[in-house]
Amino acid sequence: MSTRFEHDDDGVLVIIGSGAGGGTLAHALARKGIKSVVLEAGKRYALEDIENDEWAMFEKISWLDERITAGPRQLSETFPNLPAWIVKGVGGSTIHWAGVALRFQPHEFRLHSEVGDIAGANLLDWPISYEELEPYYVQAERHMGVTGDASGMPLHDWNNNFMVLAEGARRVGYEKLRAGPMAINTRPYDDRPQCMQAGFCMQGCRFGAKWSTMYTDIPRAEATGYCEVRPNAMALTIEHDERGRVNAVVYADAEGNLQRQRARAVCVAGNSIESPRLLLNSHSALFPDGLANSSGQVGRNYMTHATACVFAEMPKPVNMHRGTTFAGIISDEARLDRSRGFVGGYTLEVMSLGLPFFAKFMDPANGGWGRDYAAILEKYDHLSGVWICGEDLPMEENGITLHDSRKDQYGLPVPIVYKGDHPNDEALRRHGQQQARSCYEAVGAVRVFDVPDFPTSHNVGTNRMSARPEDGVVNQWGQAHDIDNLFVSDGSQFTSSGAENPTLTIVALALRQADHIAERMSRGEL
Amino acid sequence: MPLAIGTTLSRRRFLTLTGVLAAGSLALSASTLWPRWARAEPELATRLLRLGRDIYPHEAIADRYYLAPLTPLLGEQRELIAAGLDDLDRRARAAHGRDYAAVDSAAEREALLRQIEDGEFFQAVRNTLVVGLYDTPELWQAHFGYEGSSWEQGGYVGRGYNDLVIDWL
Ligand SMILES: Cc1cc2nc3c(=O)[nH]c(=O)nc-3n(C[C@H](O)[C@H](O)[C@H](O)COP(=O)(O)OP(=O)(O)OC[C@H]3O[C@@H](n4cnc5c(N)ncnc54)[C@H](O)[C@@H]3O)c2cc1C
Ligand code: SF4
């Protein structure tokens, strides 16, 4: 087993969460000889625990603690207690993620400057530029093994599902068609094998071909002797001294006993619902509205990407379930082009679902049954699907609040996850649906149909970065504006959502934050 | 623990509960392969079966695959199910002068169900079935062309993940 640190050791950093943000940070710090304790609410799993079984994995590793889905959206009815699809386990949502690893585009860091104020949106530029993050993107791509230049691995071969979409896309005039970049090995890389095209990326990769902190960063951090990972440890509150600097984290251990881990600094990486929830729950006499919340922005500006799914039945079998789950990307619409009637862009990402999930998600509303429904399912092997990942504008009223009476199993107020769409999101979604439909029609689809939103897998924005303390929660390093030894290290730092999947950017930010923390420690500031 | 998606029972658990996994000889008649509760209460089972088959109609799929996933409902929400089936029969008698299962036209039965589709009873049956029926591995390949777990066979490298020829245009 790895090193163990004492509860009263105040020389350790405490990192909350072991997913994309927390797992990467712990490893990067450990390699610099910086000590940390990672508190992870979920269990530890082994590769043998990963099954090619959609429901079994969903039940095994999802975050199923009570949450309330709110807001004027269908999800409030179809999944009233499951607003988001997030993993509770060592490795976090990087166990489930599909590996799509795109960089943000330069203009997306300054969308506000590009487009100006938009009524109803709380748009803001990031306090960092693409150019500042670029070296960390390269580092992240090498670190995760992203196919393409940085790692030297070729992109994947196109699978059948992508061949269908891409052929249609070509016919409607799209040109930016690629099978990646993906953090999925096309040949052995970083002591992990190549992808076997097993098709269950979203259930966890049984082979370890897909990057996940579960079997890379976490065990490697532990192996250095500088990191202790405590599974089944749910952080409840962060404490501070009389000067307002954080100094300990109170958590519930596997037996439900309360423990207090002293800390030199605290890094919050519980994903965009739990991270702000923890800050709000940590209110005190000095910080009555919650930690790091002098701006009132903690828990606000929740973004999920403007998404939609379109599926098509083709004349012959496609077997979308074979090969990587998100096998190809079309980027022509990712640009900023206001002539389309909305700001921000979107990517079109080919996707598949297995029959068990598809039967449920095709229409989770009450009307999702009957002769036509069953007839589509009988054509399961003829289906091809695409997912739209679009810029979702930040709105102040979208966010995480605490229920005033309902409590979870830890005695903490249940989070209410409120999300409504900005008219821009709706326009973008409609455009994406129409374009996806055109692609499938161009390749001879028998029928094309929309599939509604499922619980959100991309959750960002609830502790956002800002240049000025009054506009957001953290600065360009992810350090809280209000508290100089408190950091946010996950996707909740995002100032805007971009048209790209978030994880590569989360990892790049975590690597950058590790350098910053090390530098401040060497200057004696932390 | 509250779980928004359908049943909380795992497929494995309800397969063992229902004895589907143990069901043996092909020589047995269809209803001897029914779950134990259904053999004990064939009348209730038949009514529920008609409903299940109307919710997700797949002609070629045998009855027992509809009954097996509904088993937990009988344990957990028996009264809701019994009352719901009675209500459905009342509606059928009012509209067509006979019990639901005796209404010949599938379209007429579907119309009756559309009236109650937002109700607790209907949703309990539908949510249980949509998770359970389609999570039955024996049915995947033959009825849907879904192949399920693949890592044991080394995934689909060399097994048709990239062999599509688009010859229909
Ligand atoms: C099915 C699916 C497919 C996806 N595909 C992609 C993709 O292709 N590309 C992409 O870029 N992104 C993808 N994502 C999203 C990606 O997984 C997330 O963006 C990313 O993992 C978020 O990183 P994070 O560090 O913010 O949180 P997570 O990785 O979710 O980690 C958070 C961890 O914190 C723990 N935690 C939370 N609260 C506490 C607490 N109070 N105490 C202790 N521990 C706590 C949780 O248990 C969890 O393990 C996908 C997600 C899903 C679910
Ligand atoms: S398709 Fe490749 S990456 Fe995805 S689960 Fe299978 S082996 Fe892993």
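In what follows, chains are A, B, ... by sequence order, proteins preceding strands, each numbered from 1. Since the structure is predicted, the reported quantities are computational estimates derived from the model, not experimental observations. Because only heavy atoms are used, hydrogens play no part in the values below, and waters and symmetry mates are left out as well, while side chains stay in.
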Item to check | Contact winner vs chain B - Gly323(A), Gly367(A), Ala375(A), heavy-atom pairs under 4.5 Å | outcome: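 Counting heavy-atom pairs under 4.5 Å, the top option is Gly367(A).
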Item to check | When Gly199(A), Gly444(A), Ala327(A), Pro315(A) are compared by non-hydrogen pairs under 4.5 Å with chain B, the top option | outcome: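 Greatest number of close heavy-atom pairs with chain B: Pro315(A).
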Under 4.5 Å from a heavy atom of chain B, the part of [X] involved:
X	result
Phe207(A)	side chain
Arg67(A)	neither
Glu167(A)	side chain
Met320(A)	neither
Asn159(A)	both
Ala442(A)	backbone
Arg371(A)	both
Asp363(A)	backbone

Under 4.5 Å heavy-atom distance to chain A, tell me which part of [X] shows up: side chain, backbone, both or neither.
X	answer
Leu113(B)	both
Trp151(B)	both
Ile166(B)	side chain
Glu147(B)	both
Glu110(B)	both
Arg114(B)	both
His143(B)	backbone

Checklist entry - So Tyr146(B) and Trp140(B), would you call those rings parallel, tilted or perpendicular, with 30° and 60° as cut-offs? => result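 Taking Trp140(B) first and then Tyr146(B), their aromatic rings stand perpendicular (interplane angle over 60°).
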Checklist entry - Using 30° and 60° as the class limits, which term best fits the ring planes of Phe358(A) and Phe311(A): parallel, tilted or perpendicular? => result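 Ring orientation, 0 to 90° scale: tilted.
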Is any side-chain N of the basic residue among [X] and [Y] closer than 4.0 Å to the acidic one's carboxylate O?
X	Y	value
Arg78(B)	Glu41(B)	yes
Asp99(B)	Arg47(B)	no
Arg53(B)	Asp63(B)	yes
Arg50(B)	Asp54(B)	yes

Item to check | Nearest atoms (heavy-atom pairs only) where Ile184(A) meets Cys195(A) | outcome: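 Ile184(A) and Cys195(A) have their closest heavy atoms at CG2-CB, 3.5 Å.
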Checklist entry - Which is it for Ser150(B) and Tyr156(B) under the side-chain hydrogen bond (donor to acceptor under 3.5 Å, both in side chains) test, yes or no, and what are the steps along the way? => result CA-CA 7 Å; Ser150(B) 77; Tyr156(B) 291 102; 4.7 Å; no
Checklist entry - Given the rule in the side-chain hydrogen bond (donor to acceptor under 3.5 Å, both in side chains) test, do Tyr440(A) and Arg447(A) qualify, once you have shown the distances and angles that lead to the verdict? => result CA-CA 9 Å; Tyr440(A) 280 126; Arg447(A) 58 178 144 189; over 6 Å; no
Next on the checklist: If you define the side chain from C-beta out and look only at heavy atoms, does anything of Thr128(B) sit under 4.5 Å from Glu76(B)?
Outcome noted: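 A side-chain contact is absent here, since even the closest heavy-atom pair is not under 4.5 Å.
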